[in-house]
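A note on names: the letters A, B, ... follow the listed sequences, proteins ahead of strands, and every chain is numbered from 1.
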Number of protein chains: 2
Amino acid sequence: MAVTIKDIARKVGVAPSTVSRVLSNKSKYYTSETAEMVRNAAKELGYKKNQAAVELVKKRSNVIAAVVSSVKTNFAEQIIDGIQQEARQNGYNLIIVYSGSADPEEQRHALLTAIERPVMGILLLSIALTDDNLALLQSSDVPYCFLSMGFDDDRPFISSDDEAIGYQATKLLINKGHRKIGIAGIDQYPYTGRRRLEGYKKALKEADITVSQDWIQPGDYSYASGEAAMKAFGKHTELTGVIAASDMTAIGVLNQANSFGIAVPTDLSIVSIDGTEMCNITRPQLTSISQDFFQMGVIGVQMLQQSVADGSERVDSQQFLPVSAVNRKSVRTLD
Amino acid sequence: MAVTIKDIARKVGVAPSTVSRVLSNKSKYYTSETAEMVRNAAKELGYKKNQAAVELVKKRSNVIAAVVSSVKTNFAEQIIDGIQQEARQNGYNLIIVYSGSADPEEQRHALLTAIERPVMGILLLSIALTDDNLALLQSSDVPYCFLSMGFDDDRPFISSDDEAIGYQATKLLINKGHRKIGIAGIDQYPYTGRRRLEGYKKALKEADITVSQDWIQPGDYSYASGEAAMKAFGKHTELTGVIAASDMTAIGVLNQANSFGIAVPTDLSIVSIDGTEMCNITRPQLTSISQDFFQMGVIGVQMLQQSVADGSERVDSQQFLPVSAVNRKSVRTLD
DNA sequence: ATGAAAGCGCTAACAC
DNA sequence: GTGTTAGCGCTTTCAT
């Protein structure tokens, strides 16, 4: 039998409620003497709070749940680091639950794992929720916020501006003299790939460059997408630059280019999107449009906190974080 | 106010206990008619089970907690995939909590986040717990098991045999004619690095090769460790093969070798340890001693289940999973 | 400052 | 098969 506040109360000779007050630091309602006795007894008995009981009566916990998709890109780790740091600093605990990004049933399970206990808030990392599951989430009255994914309805999110990403990546290449620029591995999903594509087209249009349809090779942000895209561009491609949908995609493009005997950046320049550590372990290192993933996590927690503080039970904020071009070694200036 | 079983009971006109029975699938104790009415009402009202209440009375939940360290190697994802799959298949939910691998205070927090609710079991992924925190874990009466880390006391674990790994990696190189073999990025931690080193030395000894002290470059399994080790071996190293502590370390070695103008595998062969996807995205692809991380997760869940089933409340098993050499392109046969 | 008592939402005997 | 009842361990009025 686990030790409870009753055991402590009995041992010290006070009422359970007093023990509760001490252990919850309701500092106005006990003397330091009782406090010390209680704390000693608690330690001696090896007392551990039963959170289930606490949550049952308080109907709220200090736990933040992060729902992450198990897609094989690695930026999630940076977001989680940001969440973790900010959560810890503010006295919250973090639990993470996995969900395949697509399967609705798995999404639902992940969501329920989080919702079925009174968490303080929920953060969703690049999860494309089905309508049913979104409704489920909303019905739970727990504040939530999407991270690394933007929407054009009124769902709260914190994300990079995907159009800006596409635009800046393209612009970077154009500014270095490139005019034939491909884009690899972007998906067709309305809220990310499509917006990046729009940015890409906008920059091209501004420079009076006509896009050829085969410059655009869709995919799913994976390494394989990068390889496939480069294969489609071909050994004798007219392209002098390509934008990759993610760091892993960029590595796929790079490797396939090498297999073709195309030297990067001499024959072909690559701009990656994300800017994770992967960019530093390739040869050449990958120039990228980098996102501030860590900060996304930090702000996500702050949004949750705020909506709890003002009692709104709902995050009301859609924000884009700035992105930045990081020049490494994979882009060459054309003369 | 959230909807409870009482609300459903009132609506349907039955007792709360009947609702409970239906919703918990105690199938012998209700008719299919009541069941249907109850389920309909539940759906209509948007009922969601309050797990805190369930856990309070049952003192056990269907949640498995995985404690992971935020070290920057990527095998954890594979273990988690294994845990997740096996957990789902057996009706368990998985929550993950992060802990820096070293900081005792952070470890403690992570542990408490898991322990403070009645989880079904705890899996620890390559976490080196301090003595205090181990005691804390043991005091919780929840079955636990370490994954990807072995011990010489009686703690339950599932891991690869690190000595076998070191031995096989070395043997692989020896069998291909190598005799001057370095080892890079291994740590001094008694339960992993040291055992791999022992395997390395054993294989060398069997082949009557005398180890030179500067063949052994310690580190922390990181990319940087690989770079540093290769720098220490030097541009004009006598080594013809090196074993890397992890895939990321191997990439560090590879890149630094290239910087030196040393061609892999022509001038230098590399054997990596782990065998994650990283091995496939380098050029050349990395030959590795691969661990079955996915299976570690699967078996971990099974061990937990078993110890719950037999009421022992304690996993009693220390097992090594087989490892396998996967030949890719980074090892050359010497003549 | 402390105690007594009620109750959070659910499950599990125990009756019938 | 279903209702009744008694808690699970904690927090929180309400007294004192």
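- Every residue two or more places apart in sequence or in another chain that forms a side chain to side chain contact (heavy atoms under 4.5 Å, CB included) with Thr130(B) is listed here: Pro104(B), Gln107(B), Asp132(B), Asn133(B).
- The ring pair (Phe, Tyr, Trp, His ring centres under 6.0 Å) analysis of residues 128-149 of chain A, with sequence neighbours excluded, yields the pairs Phe146(A)-Phe151(A).
- Remark: Glu44(B) pairs with Lys11(B) by the side chain to side chain donor-acceptor pair (under 3.5 Å) rule, at least two apart or across chains.
- The distance between atom OH of Tyr29(A) and atom P of dT16(D), rounded to the nearest whole Å, is 18 Å.
- Qualifying side chain to side chain donor-acceptor pair (under 3.5 Å) partners for Ser139(A), counting only residues two or more places apart in sequence or in other chains: Lys48(B).
- In summary, the side chains of Tyr221(B) and Asp187(B) do present a donor paired with an acceptor at a separation below 3.5 Å, with no hydrogens or angles considered.
- Across the protein-nucleic acid pair, Glu55(A) atom CD and dG9(C) atom C1' stand 13 Å apart, rounded to whole Å.
- Listed by first and then second residue, the salt bridge (charged side-chain N to carboxylate O under 4.0 Å, His left out) pairs that reach into residues 21-30 of chain B come to none, sequence neighbours excluded.
- Taking atom CZ of residue Arg10(A) and atom P of nucleotide dG3(C), one finds them 14 Å apart after rounding to whole Å.
- Residue Tyr30(B) is classed as a sugar-phosphate contact, given heavy-atom separations below 4.0 Å to backbone atoms only.
- The nearest whole Å value for the distance from the CG atom in Leu56(B) to the P atom in dG9(D) is 7 Å.
- The side chain to side chain contact (heavy atoms under 4.5 Å, CB included) search around Glu313(A) returns Arg60(A), not counting sequence neighbours.
- Sorted by first then second residue, the ring pair (Phe, Tyr, Trp, His ring centres under 6.0 Å) pairs that include residues 34-65 of chain B, not counting sequence neighbours, number zero.
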Are any protein N/O atoms closer than 3.5 Å to N/O atoms in nucleotides 10-14 of chain D? If there are, list each pair with its distance.
unit_1	atom_1	unit_2	atom_2	d
dC10(D)	OP1	Tyr47(A)	OH	2.4
dC10(D)	OP2	Ile5(A)	N	2.7
dT11(D)	OP1	Ser24(A)	OG	3.3
dT11(D)	OP1	Lys49(A)	NZ	3.3
dT11(D)	OP2	Ser20(A)	OG	2.6

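- Across its full length, the helix from dA1(C)-dT16(D) to dC16(C)-dG1(D) shows an angle of 30° between the axes of its 5 terminal pairs at either end, rounded to 10 degrees.
- Proximity of a side-chain donor or acceptor of Ser20(A) to a complementary backbone N or O of Pro16(A) within less than 3.5 Å is not detected.
- The nearest whole Å value for the distance from the NZ atom in Lys28(A) to the C1' atom in dT2(C) is 17 Å.
- Scored by the ring-ring contact (aromatic ring centres under 6.0 Å, His included) test, Tyr98(A) finds no partners at all (sequence neighbours excluded).
- Arg60(B) has its CZ atom 17 Å from the P atom of dC8(D), to the nearest Å.
- Candidate nucleotides dG3(C), dT2(D), dG3(D) were compared by shortest atom distance to the side chain of Ala15(B), and dG3(D) ranks first.
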Identify all side-chain donor-acceptor contacts of residues 293-305 of chain A below 3.5 Å with residues at least two apart in sequence or on another chain.
unit_1	atom_1	unit_2	atom_2	d
Gln302(A)	NE2	Glu86(A)	OE2	3.3
Gln305(A)	NE2	Asn90(A)	OD1	3.4

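- Listed in residue order, the members of residues 108-121 of chain A having a heavy atom less than 4.0 Å from DNA chain D come to none.
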